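Down below is the structure, laid out as structure tokens.
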Amino acid sequence: MDNRPIGFFDSGLGGLTCIPHLMETLPNERIIYFGDTARTPYGSKAVSTIKTFSCEIADFLESENVKLIVIACNTVSATCLDDLRKRHPNTPILGIISPASHTVAKRCNADNRIGIIGTTVTIESDAYRRKILRYNPDLDIYSAACPVFVPLIEEGIIKNEIMDLSIKYYLDQFISYNKIDTLVLGCTHYPLIRENILKIYPHLDIIDPSSEVLQSIMDTLDSRGLYADAPQEGNTFFASDLSENFINMINLIFRNTGFTVAFKNFDLERTV
Ligand code: DGL
């Protein structure tokens, strides 16, 4: 048994979409979340920049004495997982791409036309396609980068015609030309626009990696004996910029659960 918290991080508020599944299934666990809202988006930045930011955040979570780190960001999972594991060899670190790829490979067959959407860095890394094909080489996979979705979501532009137009801009041709029937939301921000996507393309079967990661969290806690043995107080959501939208989103998703919102900004510490 281990009552230390589980650490999650993302470039912003997207990784929050992984947490309700965990809270429902594992109510004893305490969560520390870090959203790098001051430096979002990561998905159009150089990989070396993403690595620097991710190392700072993983070091911070380790200093908070977490028992497990979940990279609640596809962009970081696609580019930095091995580096972070080397840097913190004594803390289990989970990415989000492997568990979801496994689900896609199990759930789909050669008749499906699978679309992966994500940030530019995630799509250019080809991490999803490579992983899925390793599990099931018969699948038909297409991918598209949708770089404007994350900045709009961070601004709170979600249930809005600007978001719907952006979805059509990136996906209309992609979905019709490739006859996509299954769509993988390869960015943890995208579950927040799942309803918009389904309203426009109701035929799609949507696979959401933010919920698929829960099984690999449970497997890790189980195999290493890391489950908490009683409910732990004090979920904490850190952000490098306490934007109004970050706070609103937390209040919306986690109301009535008891939590603290806190500020942590590495760049300010460096310059002061
Ligand atoms: N939520 C992050 C992901 O899953 C978004 C990355 C970004 O900031 O562009 O990739």
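This is a predicted model, so every value here is computed, not measured. No hydrogens, no waters, no symmetry mates; every other heavy atom, side chains included, goes into these values. Read the numbers this way: they start at 1 and go in the same order the structure lists the ligands and their atoms.
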Q | Ligand-side contact atoms (ligand 1) for residue partner T75, heavy atom cut-off under 4.0 Å | A | 3 (C), 6 (C), 10 (O)

Q. What about G186: any of its N or O atoms under 3.5 Å from an N or O on ligand 1?
A. no

(Q) Once you measure the plane-to-plane angle for Y33 and F237, does it fall in the parallel (<30°), tilted (30-60°) or perpendicular (>60°) bin? (A) tilted

Q | R39/E56 ion pair, N-O < 4.0 Å | A | yes

**Q.** S11 contact mode with ligand 1 (heavy-atom cut-off under 4.0 Å)
**A.** side chain

Q) What atoms in ligand 1 come closer than 4.0 Å to a heavy atom of G43? A) 7 (C), 8 (O), 9 (O)

Q. Against heavy atoms of N74, which atoms of ligand 1 measure under 4.0 Å?
A. 3 (C), 4 (O), 10 (O)

Q.
Side chain, backbone, both or neither: which applies to D10 and ligand 1 if a contact is any heavy-atom pair less than 4.0 Å apart?
A. side chain

Q) Thinking salt bridges, do D2 and R224 make one under a 4.0 Å N-O criterion? A) no

Q) Just which atoms of ligand 1 are under 4.0 Å from any heavy atom in T40? A) 8 (O)

Q) Out of curiosity, is G12 lining ligand 1, as in a heavy atom under 4.0 Å away? A) no

Q: Report yes if the side chains of F60 and F9 come closer than 4.5 Å at any heavy-atom pair, otherwise no.
A: no

Q | Distance-minimising heavy-atom pair for P231 and N28 | A | N-OD1, 3.2 Å

Q. Is the closest side-chain donor-acceptor distance between H102 and E212 under 3.5 Å?
A. no

Q. Considering only heavy atoms, does T188 approach ligand 1 within less than 4.0 Å through its side chain, its backbone, both, or neither?
A. both

Q) Is there a donor-acceptor contact under 3.5 Å linking the side chains of S98 and K131? A) yes

(Q) I need the atoms of ligand 1 closer than 4.0 Å to a non-hydrogen atom of C187, numbered in the order shown. (A) 1 (N), 2 (C), 3 (C), 4 (O), 5 (C), 10 (O)

